[in-house]
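Notes to accompany the following structure.
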Amino acid sequence: MEFQVQGIDISELAAEYGTPLYVYDGDELAGRLVGLRERLCPELEIFFSLKSNPNLSICALLSGHGARAEVSSMSELLTARRAGLAPRDIIFVGPGKSRTELAACLDEGIYAIVCESFGELDVIEEMAAARAVVAPVALRINPAFSVKGSGLTMGGKPRQFGIDEERLLDADGLVLRYRHVRFMGVQVYMGTRILDEEPIVENTRRILATAEVLSDRLGFGLEMVDVGGGLGVAYFEGERDLDVDLLAARLNPVVAEFHARHPETRLVMELGRFLTAMSGTYVVRVQYVKDSRGQNFAVTDGGTNHHMAAVGVGSFVKRNFPIELLNRVDEPAVESWHVAGPLCTPNDLLGKNVALPPVRVGDLVGVRRSGAYGPTASPTLFLGHGCPAEVLVHNGQSYLVRERDRPEDLLARQHLHSLATLTTARTTR
Ligand SMILES: *Cc1c(COP(=O)(O)O)cnc(C)c1O
């Protein structure tokens with residue numbers, strides 16, 4: 001028995017598109033968003049963080065089901081626009097926005113520039129003044145508090161992100177100093193990979209309270225409060241997935257209470273991993289099997305160059321993503337295998353001591369839950385393999401949504417500086 005995506009055998013997809021390959025299940029992708037949408041109160045709008053998977057078709061599919069967009073670069077902004085998102089449903093976040101990026105934010109008329117420093121505020125003011133416009137700016141706060149339970153804790157620490165809450169509380173007259181800025185909201189992002197419901201609720205409660213205090217203190221209205229997100233998915237043994245029903249039961253009253261007091265305020269949650277991770281499988285083909293001093297190795301045609309996250313997130317002990325033998329999913333996993341990629345570095349292991357059936361050359365190995373932080377968060381140029389193909393299965397049909405890089409593509413942007421000319425120049429001197 002084979003792993004299937006919407007009824008299509010994985011070997012069929014691998015034969016048609018080649019390997020290594022990312023396959024996304026469009027039903028799973030839409031289902032994540034719709035499932036959350038149906039449970040969370042409607043006042044909370046979901047913004048898709050393109051960082052987690054900036055594929056144009058993934059973005060378009062999510063947008064088609066009502067997701068807005070949170071972008072952090074020119075390419076992500078362009079992706080969101082091409083995917084059909086309206087400027088009023090796009091926010092731009094990031095600590096190092098260039099003038100080119102800020103110009104695009106102003107010229108496109110996006111909903112909010114999430115400003116991360118006083119210096120950035122000066123640049124926005126200058127650029128908006130030059131254009132004779134008023135820039136919609138939300139302040140990203142680096143909060144004084146932190147809440148435990150995240151894979152990466154953001155609050156209460158020195159960070160390059162946002163403006164320290166203490167500094168803002170002291171910034172009397174800030175709002176009046178910037179004539180071409182409309183302070184319209186607050187954004188806080190507390191961390192990522194949160195797998196407990198309670199810290200998410202607690203984060204949200206405190207962010208909403210902080211937003212109220214700051215808007216009172218500094219004297220601006222809350223058109224938007226962005227409560228971040230950081231909702232995780234379980235990758236590793238011993239982890240459990242979020243209980244969305246439980247999350248909704250706890251979170252909705254907090255949101256509703258704030259909404260009752262601020263009925264005009266747009267409430268935003270930013271989600272990347274939670275929306276995209278489950279839908280994706282990274283598919284590689286076994287090139288060789290070998291035994292080295294008693295350890296089984298399956299050497300495949302793709303590795304950490306496309307899936308850096310699989311080497312383990314923030315832990316000393318290597319923990320594996322869920323890895324399966326896709327072309328024989330029903331066979332008992334009675335052996336222990338290291339799954340290696342093609343890179344010439346010992347770190348190129350997708351999984352260590354993975355329980356698999358006896359592996360043969362030509363088998364397809366899959367890393368599940370891999371739709372977030374895949375190729376675009378990996379060193380795809382390392383050893384010149386380039387990006388893998390990406391395929392989206394939608395309504396029972398498969399679509400190539402990103403072509404595999406060819407060696408010519410990787411070389412296309414290089415210019416050969418003629419060594420012959422250099423040599424001549426030196427000898428004639
Ligand atoms: C990375 C990031 C996200 C998305 O995080 P996930 O854990 O993938 O949901 C959202 N907002 C900001 C500001 C980020 O930096």
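Counting convention: from 1, in listed order, for ligands and their atoms alike. Nothing fancy with the numbering, it's 1 onward along the sequence.
- Here's the thing with Tyr373: one of its N/O atoms is less than 3.5 angstrom from an N/O atom of ligand 1.
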Side chain to side chain contact (heavy atoms under 4.5 Å, CB included) assessment of Asp27 paired with Gln6
CA-CA 8 Å; Asp27 284 350; Gln6 294 182 23; 3.3 Å; yes
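- Nearest-residue assignment for atom 13 (C) of ligand 1 (options Glu270, Met190, Arg273; heavy-atom criterion): Glu270.
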Compile the donor-acceptor pairs under 3.5 Å between side chains in residues 162-171 and protein atoms, sequence neighbours left out, one pair per line.
from, atom 1, to, atom 2, distance (Å)
Asp164, OD1, Asn142, ND2, 2.9
Glu165, OE1, Ala144, N, 2.7

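- Taking the salt bridge (Lys or Arg N to Asp or Glu O under 4.0 Å) definition, one finds that Glu12 meets it with nothing, sequence neighbours left out.
- With Tyr17 as the aromatic partner, Arg404 does not meet the cation-pi criteria of under 6.0 angstrom to the ring centre and within 45 degrees of the ring axis.
- Between the Thr265 side chain and the Leu222 main chain, a donor and an acceptor come within less than 3.5 Å of each other.
- At least one N/O-N/O distance between Gly272 and ligand 1 falls below 3.5 Å.
- The shortest N/O to N/O separation between Gln187 and ligand 1 does not fall below 3.5 Å.
- Within the structure, the closest approach of Phe161 to ligand 1 does not fall below 4.0 Å when heavy atoms are considered.
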